[in-house]
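Beneath this line is the structure, given in structure tokens, with notes to follow.
Fair warning: this is a prediction, and the values are worked out from it, not measured in the lab. A, B, ... follow the sequence lines: proteins, then strands. Residue 1 opens every chain.
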Amino acid sequence: MELRLYDTLSREKRAFVPLDAKNVRMYVCGPTVYDFAHIGNARPVIVFDVLFRLLRHIYGEAHVTYVRNITDVDDKINDRAARDFPGLPLNEAIRKVTELTGKQFHADVDALGCLRPSVEPRATEHIGEMREIIERLVKGGFAYVAEDHVLFSPQAMNAANSLLPEYGALSNRSLDEMIAGARVDVAPYKKGNTDFVLWKPSKSGEPSWPSPAGITAPGRPGWHIECSAMAWKHLGEHFDIHGGGIDLVFPHHENEVAQTCCAFHQQRMANYWMHNGFLQVEGEKMSKSLGNFTTIRDLLSDWPGEVLRFQMLMTHYRSPIDWTRHATEQASIALDGFQQITATASPEHGNVSDEVLGALRDDLNTSQAIASLHQLASRARSGKYQAAADLRATCELLGFGLKDVRLQDILRRQRSDIDEAQINALIAERAAARARKDFKESDRIRDELAAKGVVIKDGRDADGKPVTTWELA
RNA sequence: GGCCACGUGGCGGAGUGGUUACGCAACGGUCUGCAAAACCGUGUACUCCGGUUCAAUUCCGGACGUGGCCUCCA
């Protein structure tokens, strides 16, 4: 069965045909490392991790290259460094910020069950490639130098009568409209008001590198050029899949395409452009001013990463998602069930479900895949060992190890107010009351515990002796 | 203002021109001193208004709502 993917550029779902089945190549825009990643940042990381796993399953682990960059040169990083380490020289402070934030990011996405990409290039380690692309663009007449800046001209790109794509094709907007709608405060050194920066001069104290294109003043790269450079270095001039959040379509990805295609005289940069939908929190957009800026780290203090991963995959990646506590609880309930069903099943005895694979091959339909997991689970519940083993193996493929996802354990961790000794004492009292058939007292104790959110369950142990366990509601 | 996405039952969330998504919750039953869990069973949907069609939740147009981009934010 074929893999079909939705391509933002052609606006259709198409069969995926790799340029080289021995080396399927995917690039995804990674984090700018200046602060804790929030749950919105986690979405592309999780979504493209699933795609990475699927591609490895189809083409073989050794035949997929996944590149996710780390942006470690950026004004926000500089601002954060100056704020957090005012005593240090700026460059040293920047290194501290990027190292610390990078480590946090890795710890967070590891906890979300994401594999590390094949390569995680850093922007600052690819300044040479950026300069080379810029030189090519200047030589080709697509970019020009002005006041120590290098600017890219989309108009020059569209004027070139060649196989190059139209500027604006990816984001579905015309250059004429962009020119007409441009903001008034265009920098004076720009020839056209849609021109964007490839390279700019550094202020004193800022990170700086030798400039390209004959500029003597040291400078630093613009935002978009880094991805063109890193994708080129690690995946080549033309590769299979480029992914990221839908907000990156314009201007970031549009400009990447322009740079790469003009520099290397290519018709396409990536054959499939994939964009995940946006995320809201409890029905509102996430913002620091609303106080609902939810970091991955915050959520991980209450929930296992697998639960968050499952919640993210309940929704198809292109749909908007409203991140709610209620949905987190539902995800937790589902995983708890899967863990209980598969506890005694070994993944080596299982096969990855064809239904689940079929759903994933249909543009990563993870909702459908999860529905199939539930069906496997119900077969496993009715005693089919093979179904349990298959469920286990399929969960593994999706990145769910089903470890430490017992709902009761999670709730007990969250409820620091629970006094287990006191609960056990009450249960012992109740057992005594039941033994003398004082059900009034027995029920009173049940109610007392219920008021604390504790539900008790009467059962029998292996020898048939009555035993009472408790759970949090 | 321009471009775009989304709007499904109590909740989450797939999908489809005419036939049960799936899960959670709810309800009924078995079980239980009573419960819980487990198992069995049941119900309710496609924002609104037009159009196309034998037939639309599904296609087209419009309205309303939510969100995104156009301001180096995933």
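Remark: E2(A) pairs with R4(A) by the side-chain hydrogen bond (donor to acceptor under 3.5 Å, both in side chains) rule, at least two apart or across chains. Here K384(A) pairs with nothing under the salt bridge (charged side-chain N to carboxylate O under 4.0 Å, His left out) rule; sequence neighbours left out. Listed by chain and number, the residues in a side-chain contact (heavy atoms from CB on, under 4.5 Å) with R131(A) are I127(A), W199(A), P210(A), P212(A) (sequence neighbours excluded).
Within the nucleic acid shown, L373(A) has no heavy atom closer than 4.0 Å to any nucleic acid atom. In this structure, K437(A) reaches neither bases nor backbone, as no heavy-atom distance under 4.0 Å exists between it and the strands shown. At a threshold of 4.0 angstrom between heavy atoms, the contacts of Q280(A) are confined to the sugar-phosphate backbone, with no base atom among them. Base engagement by I456(A) is indicated by at least one non-hydrogen atom pair under 4.0 Å involving a base atom.
For rC73(B), the OP1/OP2 oxygens have a side-chain nitrogen or oxygen of K76(A) closer than 4.0 Å. OP1 or OP2 of rG15(B) lies within a sub-4.0 Å distance of a side-chain N or O belonging to N365(A).
Geometric assessment of R14(A) against the ring of Y6(A) yields a negative cation-pi assignment under the 6.0 Å and 45° thresholds.
Put simply, the side chain of D72(A) never gets that close to the backbone of R122(A): no donor and acceptor are under 3.5 Å apart. With hydrogens and angles disregarded, no donor-acceptor distance shorter than 3.5 Å links the side chain of Q408(A) to the backbone of E471(A). The backbone N or O of T328(A) lies less than 3.5 Å from no partner atom in the side chain of S332(A), so there is not a single donor-acceptor pair. The backbone N or O of A217(A) sits less than 3.5 Å from a side-chain atom of S211(A), completing a donor-acceptor pair. Using a distance-only test at 3.5 Å, with no hydrogens or angles considered, a donor-acceptor pair links the side chain of T8(A) to the main chain of W273(A).
For H234(A) and H126(A), the gap between ring centers is short of 6.0 Å.
Each of D75(A) and A371(A) was matched to the nucleotide of RNA chain B holding its nearest heavy atom; the match closer to the 5' end belongs to A371(A). Map H374(A) and G245(A) each onto its nearest nucleotide of RNA chain B; the residue landing nearer the 5' end is H374(A).
Atom CZ in F250(A) sits 12.0 Å away from atom CG in N172(A) (nearest 0.5 Å).
Here the closest non-hydrogen pair linking M157(A) and A258(A) is SD-CB, 3.5 Å. Residue P221(A) comes nearest to V73(A) through the heavy atom pair CG-CG1, 4.2 Å, listed as atom of the first residue, atom of the second, then distance. Closest of all the heavy-atom pairs between C114(A) and R309(A) is SG-NH1, 3.6 Å. Looking at every heavy atom in both residues, R43(A) comes nearest to G277(A) through NH1-O, 3.0 Å.
Within the structure, the side-chain hydrogen bond (donor to acceptor under 3.5 Å, both in side chains) test picks out the following pairs touching residues 147-156 of chain A (sequence neighbours left out): H149(A)-Y189(A).
By the 5.5 angstrom centroid cut-off and the 30-degree plane limit, F278(A) is classified as stacked against the base of rA74(B).
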_Dot-bracket pairing map - RNA chain B, Watson-Crick plus G-U, both contacts under 3.5 Å, | cross-strand_ = (((((((..(((.....[...))).(((((.......)))))....(((((..]....))))))))))))....
Just the atom pairs and distances: protein N or O near nucleotides 4-13 of chain B's N or O, under 3.5 Å.
residue, atom, partner, partner atom, Å
rC11(B), O2, Q330(A), NE2, 3.4

Collect all protein-nucleotide pairs involving nucleotides 37-40 of chain B in which both atoms are nitrogen or oxygen and the distance is under 3.5 Å.
residue, atom, partner, partner atom, Å
rC39(B), OP1, R381(A), NE, 3.3

Mind listing the N/O atom pairs, protein and nucleotides 28-34 of chain B, below 3.5 Å?
residue, atom, partner, partner atom, Å
rG33(B), N7, R434(A), NH2, 3.4
rG33(B), O6, R430(A), NH2, 3.1
rG33(B), O6, R434(A), NE, 3.4
rG33(B), O6, S442(A), OG, 3.1
rG33(B), N1, D443(A), OD1, 3.0
rG33(B), N2, D443(A), OD1, 3.0
rG33(B), N2, D443(A), OD2, 2.6
rC34(B), O2, R446(A), NE, 3.4
rC34(B), O2, R446(A), NH2, 3.4
rC34(B), N3, R446(A), NH2, 2.5
rC34(B), N4, R446(A), NH2, 3.4
rC34(B), N4, D458(A), OD2, 2.7

Under 3.5 Å, which protein N or O atoms sit close to an N or O of nucleotides 41-47 of chain B? Give each pair with its distance.
none

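With both ends at atom C1', the span from rU44(B) to rU20(B) equals 14 Å, rounded to whole Å. Atom name P, nucleotides rG18(B) and rA56(B): the rounded distance is 11 Å, in whole Å.
With R430(A) as the partner, the side chain to side chain contact (heavy atoms under 4.5 Å, CB included) test is satisfied by one option alone out of D438(A), L449(A), D458(A): D458(A).
For the segment residues 110-117 of chain A, no residue has any heavy atom less than 4.0 angstrom from an atom of RNA chain B. Of the residues in residues 33-49 of chain A, those placing a heavy atom less than 4.0 Å from an atom of RNA chain B are H38(A), G40(A), N41(A), in numerical order.
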Taking distance alone, no hydrogens or angles, what donor-acceptor pairs closer than 3.5 Å link side-chain atoms of residues 278-286 of chain A to residues at least two apart or in another chain?
residue, atom, partner, partner atom, Å
Q280(A), NE2, G283(A), O, 3.2
E282(A), OE2, R325(A), N, 2.8

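Salt bridge present: R53(A) and D49(A) bring a charged side-chain N and a carboxylate O closer than 4.0 Å. In summary, K13(A) and D363(A) do not engage in a salt bridge, as defined by a charged side-chain N under 4.0 Å from a carboxylate O.
Between the P atom of rG23(B) and the CD1 atom of I341(A) lies a distance of 11 Å, rounded to the nearest Å.
The shortest side-chain heavy-atom distance between P207(A) and N78(A) falls under the 4.5 Å cut-off.
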